[in-house]
Amino acid sequence: MLAILLGTHLFYPDDASLHRYDAITISAVIIQYAMLVLRLETLNEAKVIMIFHIVGTIMEIFKTSVGSWIYAEDATLQIMGVPLFSGFMYAAVGSYIARIWRIFDMKFSYYPPLWMTGLLAIATYVNFFTHHYLADIRILLFGACLMIYWRSWVYFRVFKTYRTMPLLIGFLLVALFIFFAENLGTLAKAWTYPDQEDGWRPVHIAKLGSWYLLMIISFVLITLIQKPEKLQKQSDN
């Protein structure tokens, strides 16, 4: 997706009959189809990733309506001014988490109850909307995340050896790379923040916190198909 965003920014002809945004959307559909045909993604994973599309698109519609960011170019394949490729960017995050969970045979210790993580995810998602009108409770959400996950460790298998790290650190690392990707996305003018309208500048570091919270939502959605399992002692290395 990043290659498509950057490639169309650099090389897509201005006078093309197909809007650039629509070309990105069509490319994203082809990628998704190829993932299924080549069995890089399972059907169950694709079903959950569709939820990422819906959740992400709803957020995009709201956020653009309040001016949080802008899609400056025209598109035919769009909903309420939001090009459909935006949902695929959220889906890419979901696809990544689902696949590494399976490929690296991820296991956990002290994973919190699913009802608890579910409530945290719902509160986080709601706050993305309500903080425009009510008090922003993201500090409380960060605190809740720390309390819920502070004992949790993730074990991931590389070849035959399990390695481990605190799950909170894992969330941060993925959020950091999404933040890097967002900078590339805005550099490619796939979307623009208000302070970038007069020229590109790096995305404010505060957005890293938003991506961290979105990671919580993403991880909880994946637990709909991938139940967190404990690492058996005989598998330890």
Side-chain angles (χ1 to χ4, degrees), residues 1-6 8-9 18-36 41 43-99 118 120-133 138 141 174-175 177-179 181-186 188-194 196 203 207 209-225:
M1 283 297 294
L2 281 175
I4 290 169
L5 296 182
L6 289 168
T8 55
H9 171 61
L18 181 68
H19 296 305
R20 177 196 171 211
Y21 279 178
D22 293 333
I24 296 173
T25 298
I26 293 171
S27 299
V29 172
I30 293 172
I31 292 172
Q32 178 65 77
Y33 178 74
M35 293 281 285
L36 289 171
E41 196 170 84
L43 186 58
N44 281 339
E45 287 169 351
K47 290 176 182 178
V48 172
I49 289 166
M50 180 59 67
I51 300 177
F52 279 83
H53 275 275
I54 297 170
V55 168
T57 301
I58 291 172
M59 185 184 297
E60 290 286 322
I61 291 172
F62 174 79
K63 288 292 188 177
T64 53
S65 71
V66 296
S68 295
W69 53 81
I70 304 159
Y71 289 97
E73 300 180 30
D74 294 327
T76 301
L77 303 174
Q78 54 90 18
I79 299 175
M80 299 178 68
V82 175
L84 295 184
F85 76 80
S86 64
F88 283 94
M89 294 188 293
Y90 290 89
V93 175
S95 178
Y96 166 76
I97 297 172
R99 293 190 71 237
L120 176 62
I122 292 172
T124 300
Y125 188 68
V126 169
N127 187 66
F128 278 123
F129 296 86
T130 58
H131 82 84
H132 290 278
Y133 310 106
R138 71 180 60 199
L141 293 171
V174 177
F177 279 95
I178 296 174
F179 176 72
E182 182 179 41
N183 274 277
L184 290 175
T186 56
K189 295 185 178 179
W191 68 96
T192 305
Y193 288 104
Q196 295 174 324
V203 178
K207 284 290 292 180
S210 298
W211 283 116
Y212 192 93
L213 291 175
L214 190 66
M215 270 301 303
I216 305 300
I217 299 173
S218 302
F219 212 78
V220 170
L221 284 175
I222 296 302
T223 60
L224 295 175
I225 57 168

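Remember, it's a predicted structure, so these values are computed and weren't measured experimentally.
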Identify the two heavy atoms, one from I4 and one from T8, that lie closest to each other, and give their separation to 0.1 Å.
-> O-OG1, 2.8 Å
Exercise: identify the closest heavy-atom pair between A91 and F52 | CA-CB, 3.9 Å
Would a distance-only check, ignoring hydrogens and angles, find a side-chain to backbone donor-acceptor pair under 3.5 Å from [X] to [Y]?
{"X": "K63", "Y": "F128", "answer": "yes"}
{"X": "T57", "Y": "I54", "answer": "no"}
{"X": "N183", "Y": "V203", "answer": "yes"}
{"X": "T186", "Y": "E182", "answer": "yes"}
{"X": "S218", "Y": "L214", "answer": "yes"}
{"X": "T192", "Y": "K189", "answer": "no"}
{"X": "Y125", "Y": "V55", "answer": "yes"}
{"X": "S27", "Y": "A23", "answer": "yes"}

[X] side chain to [Y] side chain, donor-acceptor N/O pair below 3.5 angstrom:
{"X": "S95", "Y": "E45", "value": "no"}
{"X": "T124", "Y": "R138", "value": "no"}
{"X": "W69", "Y": "E60", "value": "yes"}

Sequence neighbours excluded, which residues qualify as side-chain hydrogen bond (donor to acceptor under 3.5 Å, both in side chains) partners of K207?
-> Y193
Kindly state each residue pair satisfying salt bridge (charged side-chain N to carboxylate O under 4.0 Å, His left out) with at least one member in residues 68-85, sequence neighbours excluded.
-> R20-E73
Determine the interplanar angle of the F62 and F129 rings, folded into 0 to 90°, and report it as parallel if under 30°, tilted if 30 to 60°, perpendicular if over 60°.
-> tilted
How far does OG1 of T64 sit from CH2 of W191, to the nearest 0.5 angstrom?
-> 13.5 Å
First locate atom CD1 of I30, then atom OG1 of T25, and finally report the distance between them rounded to the nearest 0.5 Å.
-> 11.0 Å
Are F88 and H53 close enough that their ring centers fall under 6.0 Å?
-> yes
Just wondering, more than 12 heavy atoms not from F177 lying within 6.0 Å of its CZ?
-> no
